[in-house]
2 protein chains.
Amino acid sequence: MARQQQEKPVPALPTTAYAVLGLLSFGTEVTGYDLRKWAMNMRFFYWSPAQSQIYAELRRLRQHGLVDERTEPQRGRPDKHLYKITDAGLAALREWLHYAEVGPPLLKHSVALRLFFGHQADPERLREVLRDYAAWAQKQVDELTDLYPQLLPDLPYPLLVARWGQSYFVAEIAAANAAIAALEKQSGTTH
Amino acid sequence: MARQQQEKPVPALPTTAYAVLGLLSFGTEVTGYDLRKWAMNMRFFYWSPAQSQIYAELRRLRQHGLVDERTEPQRGRPDKHLYKITDAGLAALREWLHYAEVGPPLLKHSVALRLFFGHQADPERLREVLRDYAAWAQKQVDELTDLYPQLLPDLPYPLLVARWGQSYFVAEIAAANAAIAALEKQSGTTH
DNA sequence: ACTGCCATGTAACTAGTTACATGATTGG
DNA sequence: CCAATCATGTAACTAGTTACATGGCAGT
């Protein structure tokens, strides 16, 4: 289903740029440092860029006029820079939200990859890897549960994504366990 | 220009290198072109690298003595290169399979990101995006189902991963639908 | 006749990481 | 007093993409 292509006031930016822009769309004036921490809260569904990457994105967004920078001089060396989304920035974000193509998630699942090549591995160790992964996924579920209270009153959309994340990790745990069970059956070993 | 093979220079390779090495571990001698097609079959859980990237990885693997290259001369066009995993390559792969750290999947979910910033979007359009995504995920499920017969007799591990993939996409469909439902409920009360 | 697949590769670029470096402020 | 946090940034690198260029061969 083809979407109508709009005129381009701004060249196509990578998704990560919109991630930063989107964080700024919550309205508060923030430093690059703040943004990095906020971005870490999206780790459940969007890989957190490195700190240097955040600063690079801010520089680019600013060059395109999508964010404003305000400098607060500091007594200690580096000045503090505060960023705020501009009207053009909001417009660009909305444009992306509405008209970007619906693309598949970019996924690099190293554990699934290891299972894929299981014919070269010790089955017992493979199961251990899967158990470790399931444990990690369980930790993500718990962390998301801890996050709920912060989202509940004011942030309905992040809340929806948190729920999505939970369903994702729950499914991952189930899938890992199913693979473990299949491996056990297949090798005829007792656990 | 004899490539002297050192005992254990096993430097940390990126996961994508092991993806290529792993494909070669199935034993057949293949071209870079073949590998690219094989890699596309892993798209359900591991992002397929570009063709140029495959060739780059093969070059590096060869430099490390993990693959052997055999050249078949061609008339009037570039020679054909056939690649085969070496003993050292198999050892490196097994080492990775057994001892690499269990890491989180690298995920960049642009649709979830758009939902996260839903406060800037038209709710109706947002639901449309989610419906498109669910439809795409359903297509993945179907494609995986079509893949089953090719895996069933001889490739038990890829089969396990295919099942994993199905459970993943089924969960994605459910999560997207849950989000759509929540948006519908929420849109009754204006905000 | 034409389309699509086979099969290679390079050049220029963009995205993103790691490691380093600075120095004030806050809290146990 | 020490460690962590705040807050910046650069340099060197690695990973990965897009676009181009070549040309034969098989099938409809």
Side-chain angles (χ1 to χ4, degrees), chain A residues 10-21 28-40 42-43 46-64 67 69-83 101 103-104 106-108 110 113, chain B residues 11-21 23 28-40 42-43 46-64 67 69-83 101 103-104 106-108 110 113:
Chain A
V10 161
L13 295 169
T15 309
T16 300
Y18 291 106
V20 170
L21 202 53
T28 358
E29 211 188 21
V30 282
T31 65
Y33 190 85
D34 293 329
L35 277 174
R36 209 214 155 199
K37 282 186 306 178
W38 291 19
M40 279 167 54
M42 311 193 311
R43 68 186 179 284
Y46 199 88
W47 189 254
S48 301
Q51 161 250 38
S52 61
Q53 182 66 12
I54 301 264
Y55 286 113
E57 292 298 352
L58 283 171
R59 218 176 300 131
R60 165 162 51 188
L61 290 173
R62 191 167 165 243
Q63 263 160 25
H64 290 311
V67 304
E69 189 190 81
R70 187 169 66 81
T71 303
E72 262 185 15
Q74 301 288 295
R75 297 191 298 274
R77 264 281 198 68
D79 286 349
K80 191 163 156 178
H81 299 296
L82 288 154
Y83 296 92
E101 263 186 46
L106 163 37
L107 181 60
K108 288 190 187 179
S110 61
L113 189 65
Chain B
L13 295 168
T15 309
T16 301
Y18 290 106
V20 170
L21 203 53
L23 286 175
T28 357
E29 210 188 21
V30 283
T31 65
Y33 190 87
D34 294 328
L35 277 174
R36 210 212 154 202
K37 281 186 307 178
W38 291 19
M40 279 167 54
M42 311 193 311
R43 68 185 178 284
Y46 199 89
W47 189 255
S48 299
Q51 161 250 39
S52 61
Q53 182 66 12
I54 301 264
Y55 287 114
E57 292 297 353
L58 283 171
R59 219 176 299 129
R60 164 161 52 186
L61 290 173
R62 192 170 164 239
Q63 263 159 25
H64 290 313
V67 305
E69 189 189 82
R70 187 170 64 83
T71 303
E72 263 186 15
Q74 304 283 301
R75 301 190 308 265
R77 63 178 145 153
D79 287 349
K80 190 165 159 177
H81 299 296
L82 289 154
Y83 297 91
E101 263 187 45
L106 163 36
L107 182 60
K108 288 189 187 180
S110 62
L113 190 65

Proximity to the side chain of [X] - top-ranked nucleotide from [options]:
X: A:Y83; options: D:dG9, C:dA15, C:dG9; answer: D:dG9
X: B:H81; options: C:dG9, D:dT8, C:dT17; answer: C:dG9
X: A:S52; options: D:dG9, D:dA11, C:dG9; answer: D:dA11
X: B:T16; options: D:dG9, D:dG16, C:dA7; answer: D:dG16

Check for a donor-acceptor pair, side chain of B:Y46 on one end and backbone N or O of B:T16 on the other, with a separation under 3.5 Å.
->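 Such a contact is found between B:Y46 side chain and B:T16 backbone.
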
Is the side chain of B:R43 donor-acceptor paired with the backbone N or O of B:M40 at a distance under 3.5 Å, no angle test?
->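 Answer holds: yes.
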
Starting from [atom2] on [N], measure out to [atom1] on [X] and report it in whole angstrom.
X: A:R70; N: D:dT8; atom1: CZ; atom2: C1'; value: 16 Å
X: B:Y55; N: D:dA19; atom1: OH; atom2: P; value: 18 Å
X: A:Y33; N: C:dA24; atom1: OH; atom2: P; value: 17 Å
X: B:L106; N: D:dA15; atom1: CG; atom2: P; value: 13 Å
X: B:D79; N: C:dA7; atom1: CG; atom2: C1'; value: 11 Å
X: A:K80; N: C:dT25; atom1: NZ; atom2: P; value: 12 Å
X: A:R59; N: C:dA15; atom1: CZ; atom2: P; value: 13 Å
X: A:R60; N: C:dT14; atom1: CZ; atom2: C1'; value: 8 Å

Do A:V30 and A:W38 have side-chain heavy atoms sitting under 4.5 Å apart?
->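 Yes; the side chains approach each other to less than 4.5 Å.
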
Show the numbers, then the answer: is there a side chain to side chain contact (heavy atoms under 4.5 Å, CB included) between B:L82 and B:T31?
-> CA-CA 5 Å; B:L82 289 154; B:T31 65; 3.7 Å; yes

B:W47 side chain N/O closer than 4.0 Å to the phosphate oxygens (OP1, OP2) of D:dA15?
->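 For D:dA15, OP1/OP2 do not have a side-chain N/O of B:W47 under 4.0 Å.
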
Is A:K37 near enough to D:dA7 that one of its side-chain N or O atoms lies under 4.0 angstrom from OP1 or OP2?
->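 Checking D:dA7 against A:K37, no side-chain N or O comes under 4.0 Å of OP1 or OP2.
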
Inspect the surroundings of CD in A:E101 and state if more than 12 heavy atoms from other residues, nucleotides or ligands are less than 6.0 Å away.
->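 Check fails, neighbour count at 12 or below.
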
Taking N and O atoms by type only, does the side chain of B:Q51 place a donor or acceptor under 3.5 Å from a partner on the base of C:dT8?
->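 Yes, the side chain and the base share a sub-3.5 Å donor-acceptor pair.
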
